[in-house]
**Student:** 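One structure coming up, written as structure tokens, with questions to follow.
Note that the structure is a prediction, hence the values are computed from the model and not measured. Note that these values count all heavy atoms, side chains included, but never hydrogens, waters or copies made by symmetry. Just so we're on the same page: letters track the sequence lines, and every chain starts at 1.
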Number of protein chains: 2
Amino acid sequence: MSYADEVSKRVSKSGGEVALLREIRGRAAGAARGGLRLGIGDDCALLAAKRGEELAVTTDLSIAGRHFRLDWHPAEAVGHRTLARGLSDLAAMGARPVAAFLSLALPRELTTAERGKAWVEGFLDGLLGLAEAHKTPLAGGDLAESPLVVADIVLVGAVPKGQALLRSGARAGDLLYVTGSLGGAAAGLARLAAEKSAFQSDKKHFAGAKAHADFVALVARLKSCPDTKMFTNSLEAQLAAHLYPQPRIRQGIWLRQHGAASAALDLSDGLSTDLAHLCEESGVAAEVEAARLPLDPGATLAQALDGGEDYELLFAAAAGARVPRSIGGVRITQIGRVVKAGRGRAAVTLLTEAGARPLEPGGWEHFS
Amino acid sequence: MSYADEVSKRVSKSGGEVALLREIRGRAAGAARGGLRLGIGDDCALLAAKRGEELAVTTDLSIAGRHFRLDWHPAEAVGHRTLARGLSDLAAMGARPVAAFLSLALPRELTTAERGKAWVEGFLDGLLGLAEAHKTPLAGGDLAESPLVVADIVLVGAVPKGQALLRSGARAGDLLYVTGSLGGAAAGLARLAAEKSAFQSDKKHFAGAKAHADFVALVARLKSCPDTKMFTNSLEAQLAAHLYPQPRIRQGIWLRQHGAASAALDLSDGLSTDLAHLCEESGVAAEVEAARLPLDPGATLAQALDGGEDYELLFAAAAGARVPRSIGGVRITQIGRVVKAGRGRAAVTLLTEAGARPLEPGGWEHFS
């Protein structure tokens with residue numbers, strides 16, 4: 001199945017869908033090609049790795065009401081976040097992106113009514129804008145009608161054989177690092193939720209409406225400013241961290257090229273959960289020093305530990321490894337160390353001024 | 001994101017989901033590996049092509065109420081059909097399967113209640129059974145909760161560089177062929193729909209209930225007999241053609257290895273629609289002889305032309321090419337020829353005893 005099939009099949013059915021499909025094919029054709037030999041239009045896309053490379057593949061679902069809310073998130077942010085989830089998985093392996101595939105299920109009204117079409121346009125703007133920034137062509141996918149917006153993003157990347165950053169390589173004695181700052185996405189989501197809730201309960205109040213309009217305008221302004229460093233205002237920076245997270249492709253490739261990391265993964269579920277994954281796959285335990293955590297300004301410790309969706313990289317490196325203070329303009333912070341796993345010892349221990357306590361995996365809560 | 005993430009994240013939430021995710025990882029680990037270097041458990045799977053190979057990638061959505069009905073289709077058939085859609089795309093390119101990825105959104109009750117768990121078990125039996133038959137490891141994917149069952153299947157295959165069968169290679173003078181028989185899947189769906197409708201309107205009638213129980217038992221028997229040649233009874237054969245279509249991987253690889261086909265695609269939407277795709281991509285027109293079409297016993301001409309979901313291969317071959325009468329036990333039938341595209345000429349013309357008529361792409365109707 002391909003977008004091309006859907007175009008012809010539905011000629012007699014919905015002009016809106018046909019227009020959408022033609023647009024996707026047209027916009028995708030203009031993107032950088034790299035390892036993409038054959039894009040949208042046949043039964044499969046064809047990709048070529050360079051000699052000595054392996055391909056990394058990941059898929060991520062984004063479902064309305066679970067991963068985003070149509071009444072909270074601008075369409076551009078939904079498209080951006082859909083792709084960012086997949087790119088971040090490539091970053092965690094140190095892979096360079098080769099191609100993306102999008103399976104998209106949409107309610108009929110989003111491909112017919114003008115307002116719906118504007119939503120889909122915005123979604124594509126957000127997704128393809130981030131794709132272009134990372135030279136990742138949209139190479140194919142599928143479209144279907146569904147009562148619910150469901151996007152499944154597939155990313156294919158390439159990495160020299162045997163050199164991918166894995167979760168399983170951390171050893172006792174390694175130090176633990178993160179890129180960027182933590183908790184910003186959770187803090188931004190909390191601000192968004194608070195604003196939307198306040199507006200819901202105060203819709204008719206003039207002052208509330210004015211404040212809400214300002215908020216909506218601020219959110220709309222963010223779409224063209226995906227670099228969170230551009231914001232001095234912490235509200236803007238937090239909202240941008242949640243709405244337009246930046247996958248750390250460049251940083252992952254640097255770590256892989258310099259052999260600097262013994263293990264890595266991306267912080268999609270939150271440090272407490274993701275570090276537990278790393279420990280489990282590596283057969284080790286870890287200690288995190290609360291005082292060292294690079295909290296986003298305005299984020300709480302709980303948001304940094306359990307918030308999720310920061311899409312920073314967490315990696316381990318041998319104590320003697322040379323790890324720079326920043327990579328590609330993004331700060332690198334040592335946050336703790338890898339220790340031996342032991343009976344009765346928690347996988348992850350948090351060290352605070354008050355002492356040591358086990359850090360249990362914190363739940364990343366969906367919207368429902 | 002990976003299945004492994006979801007396991008830990010949800011430990012405190014739903015025992016059913018955890019069990020499902022562990023089961024998927026466990027069952028997937030036992031499958032043939034081939035080009036799969038790293039399966040479920042890290043941020044991405046790692047795949048390796050052989051030297052000189054390209055990778056073919058395709059994604060296909062299967063959505064409850066659109067592509068199947070929970071109250072009509074046995075869970076095994078839904079799983080089988082989900083994977084068959086993707087494998088058939090690989091077959092159309094002449095690619096050998098390397099790995100499959102499954103993004104699966106499920107309502108909570110399907111991962112908790114016993115009856116729901118049985119459905120998911122059946123779905124996996126159907127999907128992994130077909131995967132094993134084609135030595136295709138399940139290498140990763142994603143899981144999420146959703147009010148609706150949505151499965152997005154991703155297939156990655158490998159094909160020698162520059163040798164993939166494309167839609168765009170057909171030339172005027174080529175002959176057109178199909179594998180197997182046509183219309184069986186549509187005829188099977190019609191039988192299924194008729195039975196389900198009759199049962200709905202006659203639920204309390206003893207005779208109706210008995211007949212329906214026999215029908216359900218027959219459908220249940222089919223699951224372990226995916227080879228349609230095994231059926232002499234046309235009802236069984238048609239239901240099997242609809243519920244357990246056989247992707248023509250072996251036939252696609254044969255055509256590619258022997259350089260026998262100038263163009264190919266799979267019949268997912270029906271001959272009238274898919275042949276129009278081939279003509280469009282190749283810049284040609286086509287003539288089909290109705291009398292030559294290998295109709296499935298019991299299928300009508302309309303079902304063979306427009307029915308869809310037969311998942312046979314349609315291919316063009318130069319008039320002088322040696323095309324065997326069967327490949328791997330599946331019949332090959334010449335059904336028409338490729339002609340020059342011309343102004344005012346239909347892309348596809350159907351030749352019958354009554355004369356020639358344009359064959360418009362017939363809609364493949366979803367269930368909604």
Side-chain angles (χ1 to χ4, degrees), chain A residues 1 4-5 8-9 11-13 37 41-49 51 54-61 63 66 85 89-90 92-93 95 99 101 103 105 139-142 144-148 150 152 154 156-157 161 164 166-167 265-266 268-269 273 276-277 280-281 361 363-364 366, chain B residues 1 4-5 8-9 11-13 37 41-49 51 54-61 63 66 85 89-90 92-93 95 99 101 103 105 139-142 144-148 150 152 154 156-157 161 164 166-167 265-266 268-269 273 276-277 280-281 361 363-364 366:
Chain A
M1 183 61 57
D5 288 330
S8 304
K9 194 167 74 185
V11 159
S12 60
K13 288 184 180 170
R37 299 285 174 90
D42 216 302
D43 292 284
C44 300
L46 292 174
L47 310 177
R51 186 176 291 189
E54 294 174 329
L55 290 175
V57 183
T58 177
T59 82
D60 286 277
L61 284 165
I63 303 178
R66 292 294 292 177
R85 297 184 67 193
D89 285 325
L90 293 187
M93 308 289 280
F101 297 79
S103 286
D142 195 11
E145 199 179 303
S146 150
L148 197 70
V150 178
D152 189 38
V154 182
V156 180
K161 196 184 285 184
L166 305 183
R167 297 178 171 188
L265 47 53
D266 72 315
S268 50
D269 295 335
T273 299
H277 291 315
E280 188 182 345
E281 296 295 330
W364 171 72
H366 290 281
Chain B
M1 186 59 59
D5 288 331
S8 305
K9 195 166 73 186
V11 160
S12 59
K13 288 183 177 171
R37 297 286 175 89
D42 216 302
D43 292 285
C44 300
L46 292 174
L47 310 176
R51 186 175 291 190
E54 294 175 329
L55 290 176
V57 183
T58 179
T59 81
D60 287 276
L61 284 165
I63 302 178
R66 293 293 293 177
R85 296 184 68 194
D89 285 325
L90 292 187
M93 309 289 280
F101 297 80
S103 285
D142 195 11
E145 198 179 303
S146 152
L148 197 70
V150 178
D152 189 38
V154 182
V156 180
K161 198 185 282 184
L166 305 182
R167 296 178 172 189
L265 46 53
D266 71 314
S268 49
D269 296 334
T273 298
H277 292 315
E280 189 182 345
E281 296 295 331
W364 172 71
H366 289 285

**Student:** Which atom pair, heavy atoms only, marks the closest approach of R167(A) to D42(B)?
**Tutor:**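 Result for this residue pair: N-OD2, 2.8 Å.
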**Student:** Looking at residues at least two apart in the chain, or sitting in another chain, which of them share a side chain to side chain contact (heavy atoms under 4.5 Å, CB included) with A164(A)?
**Tutor:**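 Listed in chain order: M93(A), V159(A), L166(A), L46(B).
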**Student:** Return the option, out of K161(A), R51(A), E54(A), with the maximum number of heavy-atom pairs under 4.5 Å with chain B.
**Tutor:**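 That would be E54(A).
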**Student:** How close do D142(B) and R85(A) get, heavy atom to heavy atom, and via which atoms?
**Tutor:**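 Closest approach of D142(B) to R85(A), heavy atoms only: OD2-NH2, 4.0 Å.
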**Student:** Can you tell which of L90(B), V57(B), L55(B), T59(B) makes a side-chain contact (heavy atoms from CB on, under 4.5 Å) with C44(A)?
**Tutor:**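 Among L90(B), V57(B), L55(B), T59(B), the one meeting side-chain contact (heavy atoms from CB on, under 4.5 Å) with C44(A) is L90(B).
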**Student:** Please flag which part of A105(A) lies under 4.5 Å from any non-hydrogen atom of chain B: side chain, backbone, both or neither.
**Tutor:**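 Contact with chain B: backbone and side chain both.
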**Student:** Any chance you could measure D266(B), atom CG, to D43(A), atom CG, to the nearest 0.5 Å?
**Tutor:**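 Result: 5.0 Å between the selected atoms.
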**Student:** Check whether V154(B) gets within reach of chain A through its side chain, its backbone, both or neither, counting any heavy atom under 4.5 Å.
**Tutor:**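 Only the side chain of V154(B) comes within 4.5 Å of chain A.
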**Student:** CG of D152(A) to CG of L61(B): how many Å apart, nearest 0.5 Å?
**Tutor:**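 Spacing of CG (D152(A)) from CG (L61(B)) equals 7.5 Å.
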